[in-house]
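This report refers to the structure that appears directly beneath it.
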2 protein chains.
Amino acid sequence: MDVSVKGEYALRAVFELACRETDEPIKIAKIAERQQIPQKFLESILAQLKQGGFLGSRRGADGGYFLARPADNITVGDILRHIDGPTTPAQRIGQGEVGSDSPFPELWQKVERALSSVIDRTSFADLVVRWKENRARKVVNWDI
Amino acid sequence: MDVSVKGEYALRAVFELACRETDEPIKIAKIAERQQIPQKFLESILAQLKQGGFLGSRRGADGGYFLARPADNITVGDILRHIDGPTTPAQRIGQGEVGSDSPFPELWQKVERALSSVIDRTSFADLVVRWKENRARKVVNWDI
DNA sequence: GTCAATCTCTAGTAAATTGATAGAGAATGT
DNA sequence: ACATTCTCTATCAATTTACTAGAGATTGAC
């Protein structure tokens, strides 16, 4: 019931890209530095995210990564499922079907829906908005 | 974002005990057989659940395990958190606080609340009721 | 067309976690 | 005394996690 460090790194990296409004690529090294992520580890994560169709990249000087589609079209759930695997708690061997002789499949379904109602309804555009609001609120409080 | 096999075994074992309405202890071997759990592994799980205050036990012939409190007073969340550790996805090092310079703590809080709304509101008494309803429905369908 | 910067690909690896198993010891009821 | 059953300690193979090294492939600039 937890998110791997790798999953968190992936979220933070995508968030970093979503914060920029330009389409200019951002370098791995920059993201690693700003988000405090080991660079080599981040490289493999970004490659995986590109492979998943979430990011695009360009090599060479002035190369880097960028979002492959608008931030309001990438959800936290998209990234987590791609990096950490399926979020469903118990699609295991054994009595897997709802309506079977066990109360658990139904329970897992409820858990999944509850989880999904958060992570699949939160896009990176949402995260950026919330984050900006928070910063704005802070600044106002300081000013008064 | 998943439940360990150990966590599932724990839930199934407690469910098995909750299904019995008697206060008579049930043997490890019986639970292991009925729920298809490796017995030695189950032993350690039950010991841990006892240690957590959820179960009681008696040794000797006619010994076994039993619920330490009524089934409507033990939730799925209780068991999962005791066996699999805290269910919160990212109380890690680094920017941990809500309202910090990151949108994620707030997100994790939402995830946690969503999760909690299921697992902390589902008692084993609930599971037993649902399971019995399901069985009843099946039998009716067969009869018609 | 060379060069430096940057992504990309293949490997590897130490540490922790997971899912168990073995076997001796301690309590219980008869 | 004795069989039964829980309890405690120790161990372990396989997998996953978090991370690193280093050579190779592109790109844009000069």
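Quick note on labels: first sequence line is chain A, next is B, and so on, each numbered from 1.
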note: E8(A), atom CD; dT17(D), atom P; distance rounded to Å ~ 14 Å
E33(B) with K30(B): basic N within carboxylate O range, under 4.0 Å: no
Roughly how many Å is it from OH in Y65(B) to C1' in dA27(C), rounded to a whole number? 13 Å
So, with a heavy-atom separation below 4.0 Å from DNA chain C, the residues of residues 37-58 of chain B are P38(B), K40(B), F41(B)
Nearest whole Å is fine: how far is dC6(D) C1' from K30(B) NZ? 18 Å
Rounded to the Å, how far apart are D84(A) CG and dA18(D) C1'? 12 Å
For atom CG of D2(B) and atom P of dT17(C), their distance in whole Å: 15 Å
Closer than 4.0 angstrom, basic N to acidic O: yes or no for D101(B) and R135(A)? yes
Side-chain contact, heavy-atom cut-off 4.5 Å: V3(A) with L80(A)? yes
Rounded to whole angstroms, how far apart are CD1 on I26(B) and P on dC6(D)? 11 Å
Should R113(B) and D120(B) count as an ion pair when the cut-off is N to O under 4.0 Å? no
Picking from dC6(D), dT26(D), dA18(D), the nucleotide nearest the side-chain atoms of K6(A) would be dA18(D)
Within the structure provided, determine whether H82(A) and F54(A) are in side-chain contact (heavy-atom separation under 4.5 Å). yes
Separation of dG24(D) atom C1' from R59(A) atom CZ, nearest Å, is 9 Å
Which of dT5(D), dC19(D), dT8(C) is nearest the side chain of Y9(A)? It is dC19(D)
Given side-chain hydrogen bond (donor to acceptor under 3.5 Å, both in side chains), test S4(B) with D84(B) step by step and report yes or no. CA-CA 7 Å; S4(B) 68; D84(B) 278 354; 2.5 Å; yes
Could you state the CD1-C1' distance from I28(A) to dT26(D), rounded to the nearest angstrom? 13 Å
For nucleotides 9-16 of chain D, print each protein N/O atom paired with a nucleotide N/O atom at under 3.5 Å, atom names and distance only.
none

On DNA chain D, nearest-nucleotide positions of D62(A) versus A29(B): which is more 5'? A29(B)
Quick one: does L127(B)'s side chain get under 4.5 Å of F104(A)'s, heavy atoms only? yes
Show, in sequence, the C-alpha distance, side-chain angles and deciding distance for Q48(B) and K6(B), and conclude whether the side-chain hydrogen bond (donor to acceptor under 3.5 Å, both in side chains) test is met. CA-CA 11 Å; Q48(B) 208 176 327; K6(B) 188 175 179 184; 3.0 Å; yes
Can a salt bridge be assigned to the pair R130(B) and E133(B) using a cut-off of 4.0 Å between side-chain N and carboxylate O? no
